[in-house]
Amino acid sequence: MLFSRQWLGDYVDLPDTEELVEGLTRVGLNVEGVDVQEGDEVLDLEVTPNRPDCMNHLGVAREVAVRFDTELRMPEIAEAERGDAGIEISVEDLDDCPRYVGVVVDNVTVGPSPEWLARRLTSIGVRPINNVVDVTNFVLWEMGQPLHAFDLDTVAGASVRVRRAQKNETLTTLDGVERKLDPGVLVIADADRAVALAGIMGGADTEVKESTSRVLIESAHFHPTVVRKAASKLGMHTDASHRFERGTDPEGCAGAAMRAAHLLAEFAGGEVRPGMVDVLDEGRCWHPEGNLDLDRLQAFGGVEVTAREVERILAGLGYDANRVDGGWRVTQPSWRYYDQEAFREEGEVPEMWPADLYEEVLRVVGFDAIPATLPRISQPDAGSSLTFLADRSLRHRIAGLGFVETISYAFESEEANQSFASILAQADPVEVRNPVSESFRWMRRSILPGLVEAARFNQRYGAEAVELFEVGHIFSVDGREVDALGLVTGGELSTPWDRDRGWDFYAFKGPIEDLLPNGSTFESAELDGFVTGAAAVILGANGEQVGQMGEVADSDLAYPLFACELTVDSVARPEPAPVIPPSRYPAVTADITLTHAADLPWSEIERAVNAQRAEELSEFGLKDRYDGEGVPDGAVNTTIWFRYNAGDRSLTQDEVNSFQQLIRSRLEEEFGWQAKTSN
Amino acid sequence: MSSRATIEAVAEHRQRFDQQLAEVSDPAAWDAVRVEWLGRKRGLVRDLLSAIGKVDADQRSQYGQAVNALRQHVEASLEELQRRLEESAAGSSVQNLDVTLPGRAIRSGAVHPVHRVIEEIVDIFRSLGYSVAEGPEIEDDYHNFAALNFPADHPARDEQDTLFTRDGRLLRTHTSPVQVRTLASRKPPIRIVCPGRTYRNDNDLRHSPMFHQVECLAVAEGITLGDLKGTLEYFVKQLFTKDTRMRLRPSYFPFTEPSAEVDITCPFCQGSGCRTCSESGWMEILGSGMVDPRVLAAQGIDPDRYSGFAYGLGADRVAMIRYGVPNIRQLFEGDVRLLRQVTS
């Protein structure tokens, strides 16, 4: 929001600009830039939504005066006498519009504004239009009160009613757009029809034009929520609505109207008609009150402040502070009432919290004046999130396996959302109602679409191999939000020097088996997104599905990709268990080669070996597979390695031979190719 | 071989053996020396022993001792040399490698830069006695807004650019709902750090619709604004450098009062002014404040007795500063050419 240094200077003596910028920033009005103009400097201030009182030059000048401990000079405003001014003003619901002030100026000559006024407006980027409109804008940017000027001769019956719009009522606004209204919108109506959108924009029919001679100045207080809802419904945002939505000063209405009327008298040759109409909800309180205790203020801030300084700051900011035991009973100025407005109940303004007042005093004292300390809490906090710690150790463990971690968006296109099944049972996707774009509409049910997209991204940039992983939440519309791990690989490091290491299903299964706890199994399955016959569900030791893996079914890839998804729970490290002390005696190894039907699953061989397993067999595994020359059609040679070890003695070759013989017999009997063919 | 069977001759033999042995550098030469001296048929030591009969009777005993000493010396020396030869054979021995050839490539993995930053921030807080708290990413209005003192239809909500779900929930716009859940379920003293993904309806060069926040919350009796400032100072010096200075600017967040934006000396120019910090020397990095009493009271914590502070920052932003990533969205493309570079 732009502010002219010269204009501010009308109300307060200013230090040099560098000091001014520093002072405004320290008091809570962050200066985002200073633009040097001819004979002026324009400050771009960041005014937070809780400070509509600073969205005008007087409000900012008040902060400057408090910060630099100088005097605030108010503009001269004529005292208003209430009367009827020959017009009729009524308000349907004082909750929507607690105050409506109308002042009439007769015999106005519409024309260009005086140069100083036009320059004031131009300096802050407001375009001068004519003296009447410019005066209303000037008062808006001076005092913060949005005003509207009607051509009174176009207001039917010289009467104004503030009411809700009727269903299907229409109004063409100043910008020439015809607006379709409904009872959610508050309007100003004359005897016949709606003539303005309350707090947002005036209507075209009653606009001030060159021929206008009688002007009705509206200076009202519309309820913030009413204006906000209407503006949002109509898709409109104006200087007026911006202020009304945040809260204008209800007690400033009359002064602003008089200020504008007398400026019109001075610069547009008008005559202010006696009798200001003032419709007001007399019972409504605009002055929240609260207690401020000096000791508690100092304890809260961790800083010493004198009672005199507190009183100076509060008075400068417009608060009434009456001394009571140990502190003050404080009354807030009407231009700050909105702090409590959202918490008003049945018309009653709630008591201010002490912290509301601590803030006011401490921001002026300056946060830089507060000594830095650390909280005095003796014990550490109880317990940390296990999820965070599990994710963290998992991420480092997988990075240690050579995988690069990615972070994908958690939302995706419908196509991506459908491309893989969820590892959550019956997981319907969550839809974003107002997505950034269609490709961000659906919350992921699987972590794989994003990962596969990342792999594709790297393929496009010529990566000869990818090894990616991601840990993050997957979502289901029933409220489940589960921490999942995804991995994707593909390609090969293809120089002979580096020994040609490429990814295939089994190369990928290796690290996954390394992650999974003992007892996990893989079952062939048909799964969305995977090549048929190259996919598996992964089951935990208790037989429940914990994941899926396989070759990605996508013809649009530079090389095949392999993907796996697991719940983080399924791979989280179990509680530490005692180790089995290794044998002090040497191990003996031996192999068995078995010719069997090619469609025999390895898991069957494992089962048979385990059934025949001697205590001394410490490990066994697949050594190789061969189905070349010498192997009958439909059969395959499987070579299995065995490692024997006893904890209490050195094994003899004879012992090992007899163990092996038992296993060999069993395997031959169950699966041997000869036995098979003779059946 | 004829030899004089005298003690002097034994001494000469010993000298000659030592010379021979000094020249041995491989197993074949070693074996030749062994055969010459200890061979069963023609070994010199054996010859010398056999020759004892030719020695004068009064010198025989002395001669015998000398030859035995020689034999022990030869045996021990050969054994020692054999051990040394075996050792060097097992080591580099005589190969001829080009040590400048590259090692066979391994591809080390990497943890994402944003997670590295989050872990580092969490570690700083854990060193101060905080614990980690987390919550869901799809939240409800109450936890994301209402309980944090964002009244319905309040302009403060506009700044959050919320993404809503079709089923009436929303994607959390900050990690602050975790504070609400913690305040509702625990009694002070509370000190937590809450990392996580957050979402806003914002997508341009400087904004990503998904980003990461880390927030902290401390609630106990007697916590002061000075405690917030001291904790922040410790934190920014740990996260950036010990020379980092900071300033608090009063600001507004609905759930803290007073609120302050925290600027640190620009990490790119150390405060002297550069393009990144618009020549100001400062960089806005954190939002902070004293927990608003309404937030405490809503969760049944007496604001007259307890006070607290909270602050939060964007982990993505810190990662961009730390690793010089110019565009936030580059963090979420999964580009391994970028991600593999980040190893510390």
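Every heavy atom of this structure was used, including side-chain atoms; hydrogens, water molecules and symmetry mates were not. Numbers restart at 1 for each chain; the letters A, B, ... are given by sequence-line order, proteins then strands.
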Trainee: Can you tell if the side chain of A/Phe440 reaches within under 4.5 Å of the side chain of B/Met210, non-hydrogen atoms only?
Mentor: no
Trainee: Only one of A/Arg480, A/His473, A/Glu481 passes side-chain contact (heavy atoms from CB on, under 4.5 Å) with B/Pro136; say which it is.
Mentor: A/Glu481
Trainee: Hey, what do you get for CD (B/Glu261) to CG (A/Asn30), rounding to the nearest 0.5 Å?
Mentor: 7.5 Å
Trainee: Of the backbone (N, CA, C, O) and the side chain (C-beta and beyond), which part of A/Ser408 lies under 4.5 Å from a heavy atom of chain B, both, or neither?
Mentor: backbone
Trainee: For the pair B/Arg197 and A/Glu470, find out whether any cationic side-chain nitrogen is under 4.0 Å from an anionic carboxylate oxygen.
Mentor: yes
Trainee: Relative to chain B, which of A/Asn434, A/Val436, A/Ile370 shows the most heavy atom pairs under 4.5 Å?
Mentor: A/Asn434
Trainee: Which atoms of A/Leu389 come close to chain B, meaning under 4.5 Å heavy atom to heavy atom: side chain ones, backbone ones, both, or neither?
Mentor: side chain
Trainee: Dump the intermediate steps for side-chain contact (heavy atoms from CB on, under 4.5 Å) on A/Phe367 and B/Arg247, then the final yes or no.
Mentor: CA-CA 8 Å; A/Phe367 292 169; B/Arg247 66 171 185 184; over 6 Å; no
Trainee: So that I can tick it off, tell me whether B/Lys229 and A/Asp368 are bridged by a salt bridge, with the cut-off set at under 4.0 angstrom between side-chain N and carboxylate O.
Mentor: no
Trainee: Among A/Val432, A/Thr373, A/Asp391, A/Asn458, which residue has the highest count of heavy-atom pairs closer than 4.5 Å to chain B?
Mentor: A/Thr373
Trainee: Report yes if some heavy atom in the side chain of A/Met443 is under 4.5 Å from a heavy atom in the side chain of B/Ile138; otherwise report no.
Mentor: yes
Trainee: Can you say whether A/Ala355 sits under 4.5 Å from chain B via the side chain, the backbone, both, or neither, judging by heavy atoms?
Mentor: both
Trainee: Does the side chain of A/Glu359 come within less than 4.5 Å of B/Met290's, by heavy atoms?
Mentor: no
Trainee: With a 4.5 Å heavy-atom cut-off, do B/Pro293 and A/Tyr358 have their side chains touching?
Mentor: no
Trainee: What part of A/Asn50 gets closer than 4.5 Å to chain B, counting heavy atoms only: side chain, backbone, both or neither?
Mentor: both
Trainee: Which residue out of B/Val111, B/Leu170, B/Leu248 racks up the most heavy-atom pairs below 4.5 Å with chain A?
Mentor: B/Val111
Trainee: B/Ala105 versus chain A, heavy atoms under 4.5 Å apart: side chain, backbone, both or neither?
Mentor: both
Trainee: Where on A/Ala455 is there a heavy atom nearer than 4.5 Å to chain B: the side chain, the backbone, both, or neither?
Mentor: neither
Trainee: Taking atom CD of A/Gln298 and atom OG1 of B/Thr224, what is their separation to the nearest 0.5 Å?
Mentor: 12.5 Å
Trainee: May I ask you to establish whether B/Arg337 and A/Tyr461 are in a cation-pi arrangement, using a distance under 6.0 Å from NZ or CZ to the six-membered ring centre and at most 45° from the ring axis?
Mentor: yes
Trainee: Rounded to the nearest 0.5 Å, how far apart are OG of B/Ser280 and CD of A/Glu32?
Mentor: 11.0 Å
Trainee: So A/Phe388 and B/Ile118, side-chain contact (heavy atoms from CB on, under 4.5 Å) or not? Walk me through it.
Mentor: CA-CA 11 Å; A/Phe388 177 82; B/Ile118 288 176; 3.9 Å; yes
Trainee: In terms of heavy-atom pairs under 4.5 Å, which option from B/Val193, B/Asp202, B/Asn203, B/Asn201 contacts chain A the most?
Mentor: B/Asn201
Trainee: Select one option (side chain, backbone, both, neither) describing which atoms of A/Pro435 are under 4.5 Å from chain B's heavy atoms.
Mentor: backbone
Trainee: A/Leu362 versus chain B, heavy atoms under 4.5 Å apart: side chain, backbone, both or neither?
Mentor: side chain
Trainee: Answer with side chain, backbone, both or neither: which region of A/Val430 has an atom nearer than 4.5 Å to a non-hydrogen atom of chain B?
Mentor: side chain
Trainee: State, with a plain yes or no, whether a side-chain heavy atom of A/Tyr409 is found less than 4.5 Å away from one of B/Ser208.
Mentor: yes
Trainee: For the atom pair CZ (A/Phe457) and CG (B/Asp335), what is the distance rounded to the nearest 0.5 Å?
Mentor: 4.5 Å
Trainee: Looking only at heavy atoms and a cut-off of under 4.5 Å, which of A/Gly302, A/Ala454, A/Gly28 has the most pairs with chain B?
Mentor: A/Gly28
Trainee: Is A/Arg392 salt-bridged to B/Asp123, cutoff N-O under 4.0 Å?
Mentor: yes
Trainee: Within the 4.5 Å heavy-atom criterion, are A/Asp356 and B/Glu257 side-chain neighbours or not?
Mentor: yes
Trainee: Apply side-chain contact (heavy atoms from CB on, under 4.5 Å) to residues A/Arg433 and B/Arg169 and explain how you reach the verdict.
Mentor: CA-CA 10 Å; A/Arg433 202 178 73 208; B/Arg169 294 181 290 160; over 6 Å; no
Trainee: Do you know which of A/Ala463, A/Pro375, A/Ala465 has the most heavy-atom pairs under 4.5 Å to chain B?
Mentor: A/Pro375
Trainee: Counting heavy-atom pairs under 4.5 Å to chain B, which of A/Glu453, A/His242, A/Arg444, A/Arg51 comes out on top?
Mentor: A/Arg444
Trainee: Using heavy-atom distances under 4.5 Å, tell me whether B/Leu331 contacts chain A through its side chain, its backbone, both, or neither.
Mentor: backbone
Trainee: Rounded at 0.5 Å granularity, tell me how far CH2 in A/Trp442 sits from OG1 in B/Thr165.
Mentor: 11.0 Å
Trainee: For a quick check under 3.5 Å, do A/His396 and B/Glu119 share a side-chain donor-acceptor pair by atom type?
Mentor: yes
Trainee: Can you list the residues of residues 400-407 of chain A that sit under 4.5 Å from chain B, counting heavy atoms only?
Mentor: A/Gly402, A/Phe403, A/Val404, A/Glu405, A/Thr406, A/Ile407
Trainee: Please list all pairs meeting salt bridge (Lys or Arg N to Asp or Glu O under 4.0 Å) that have one or both residues in residues 376-385 of chain A, counting only residues at least two apart or in different chains.
Mentor: A/Asp381-B/Arg186
Trainee: Do A/Glu431 and B/Asp167 have side chains that get closer than 4.5 Å, going by heavy atoms?
Mentor: no
Trainee: Flag the pair B/Arg249 / A/Arg26 as yes when at least one side-chain heavy-atom distance between them is below 4.5 Å, and no otherwise.
Mentor: no
Trainee: Go through A/Thr48, A/Thr225, A/Leu374 and name the one with the most non-hydrogen pairs under 4.5 angstrom from chain B.
Mentor: A/Leu374
